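Worth saying up front: this structure is predicted, and the values here are computed from it rather than measured. Chain identifiers are assigned alphabetically (A, B, ...) following the order of the sequence lines, protein sequences preceding nucleic acid strands; residue numbering begins at 1 within each chain.
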Amino acid sequence: MRMTKKIREEQLAILEKIYAGAKPALLFRNPFELLIAVILSAQCTDKRVNVTTARLFQKAATPEAILALGLEQLEDEIRDCGLFRNKAKNILATCQILCEKYGGEVPDDFAALQTLPGVGRKTANVVESVGFHHPAIAVDTHVFRVSNRLRLAVGSTPLEVEQGLRKAIPMDKWSDAHHWLIWHGRKVCKARKPLCDGCPLASVCPSFSPAAEGA
DNA sequence: CTCCCGATAT
DNA sequence: ATATCAGGAG
């Protein structure tokens with residue numbers, strides 16, 4: 001199948017129709033809780049993160065309070081999410097910087113966010129998009145995989161795919177499209193065994209393979 | 001590129 | 001048993 005601008009528009013129209021109103025899977029009450037939840041979400045399911053943050057935020061829901069927990073107690077709180085030593089160290093260092101340089105608030109600044117320990121491009125994009133409602137496209141494992149399979153945007157790195165998506169999607173829909181692609185990746189276009197049979201995008205998907213092990 | 005890492009789905 | 005999960009740092 002040859003990819004054209006028209007096919008990409010059809011793909012987006014179908015995604016919008018199916019996943020209209022898609023919300024973030026992570027639970028949070030403010031930009032700080034979102035930031036912590038996203039740091040914890042690396043190589044971990046959102047479901048597990050939500051269990052962990054519910055327990056954590058009940059005990060400590062501000063940078064000051066999390067700093068007061070200390071390293072060992074924070075490690076115990078987040079152990080189930082995996083990569084817990086790195087994440088605990090990064091969360092404490094990030095909270096320290098938030099308190100010292102940003103008055104205990106999460107900065108609404110893409111570059112500043114990326115200087116925080118444990119916060120890379122993907123996490124900074126999520127905070128800008130979901131936390132502060134600015135146009136941004138965070139390319140996580142789902143967005144990366146689904147975009148490449150659809151050829152909606154092709155790339156060997158998340159940054160390449162992000163730049164491709166910026167061209168393929170109108171800016172006013174960047175944040176919504178980010179969620180459409182995530183939910184499609186979670187529910188249908190799964191990493192291991194994509195449910196190609198019955199996929200609403202089958203007719204516009206170059207990777208469609210019926211009853212097979214996927215692409 | 002490797003390492004970090006427990007929980008879950010297949 | 002092993003691939004994968006809202007990645008980032010060295």
Side-chain angles (χ1 to χ4, degrees), chain A residues 15 19 22-29 31-56 71-72 74-97 106 110-133 136-149 153 155-162 165 174-197 211-215:
Chain A
L15 287 168
Y19 303 106
K23 294 188 308 180
L26 296 173
L27 302 176
F28 63 96
R29 294 173 291 185
F32 176 71
E33 291 193 354
L34 174 64
L35 174 62
I36 300 303
V38 178
I39 291 175
L40 288 174
S41 71
Q43 298 295 293
C44 180
T45 61
D46 55 285
K47 191 174 172 184
R48 172 57 48 188
V49 172
N50 286 336
V51 172
T52 298
T53 53
R55 192 158 36 87
L56 172 62
L71 184 58
E72 284 194 19
L74 182 58
E75 285 185 348
D76 287 339
E77 289 289 341
I78 70 172
R79 187 174 305 270
D80 291 350
C81 291
L83 309 179
F84 66 93
R85 276 182 268 268
N86 284 338
K87 289 174 182 175
K89 184 157 35 112
N90 286 334
I91 287 171
L92 285 182
T94 284
C95 287
Q96 184 81 30
I97 295 173
V106 177
F110 185 66
L113 285 168
Q114 283 190 88
T115 68
L116 299 170
V119 179
R121 187 177 185 89
K122 178 260 176 177
T123 299
N125 270 321
V126 172
V127 171
E128 285 295 347
S129 170
V130 178
F132 293 117
H133 308 289
I137 304 176
V139 177
D140 57 46
T141 183
H142 296 302
V143 175
F144 183 80
R145 179 182 66 252
V146 175
S147 296
N148 271 306
R149 282 180 177 168
S156 58
T157 66
L159 179 56
E160 287 174 7
V161 169
E162 179 185 333
L165 289 173
W174 284 359
S175 296
D176 288 337
H178 154 75
H179 286 112
W180 305 339
L181 292 168
I182 286 181
W183 283 103
H184 190 59
R186 282 164 51 87
K187 299 297 186 185
V188 180
C189 198
K190 300 180 184 182
R192 230 195 226 194
K193 194 180 168 190
L195 307 178
C196 289
D197 290 321
E213 303 306 291

State, with a plain yes or no, whether a side-chain heavy atom of V126(A) is found less than 4.5 Å away from one of T123(A).
no

Answer yes or no: is there a donor N or O on one side and an acceptor on the other, between the side chain of N50(A) and the main chain of L27(A), under 3.5 Å?
yes

Salt bridge (Lys or Arg N to Asp or Glu O under 4.0 Å) for E162(A) and K122(A)? Distances and angles first, verdict last.
CA-CA 10 Å; E162(A) 179 185 333; K122(A) 178 260 176 177; over 6 Å; no

Check side-chain hydrogen bond (donor to acceptor under 3.5 Å, both in side chains) between R48(A) and all other residues, then give those that pass, not counting sequence neighbours.
none

Between D176(A) (side chain only) and Y19(A) (backbone N and O only), is there a donor and an acceptor less than 3.5 Å apart?
no

Footprint string (nucleotides 2-10 of chain C, 5' to 3'): B base within contact, S backbone only, - free, heavy atoms under 4.0 Å
BBSBBBSS-

Using the P atom as the point on both nucleotides, what is the distance between dG10(C) and dC5(B), in whole Å?
14 Å

Taking the C1' atom in each of dA6(C) and dC1(B), what is the distance between them to the nearest angstrom?
23 Å

Whole-Å P distance, dT2(B) and dA3(C):
15 Å

Where does the chain A footprint on DNA chain B start and end, counting 5' to 3' with a 4.0 Å heavy-atom cut-off?
dC4(B) to dT10(B)

Under 3.5 Å, side chain of W183(A) to main-chain N/O of K23(A), donor-acceptor pair present?
yes

Charged N to carboxylate O below 4.0 Å: is that the case for R55(A) and E77(A)?
yes

Does the S41(A) side chain pair with the main chain of V38(A), one donor and one acceptor, at a distance under 3.5 Å?
yes

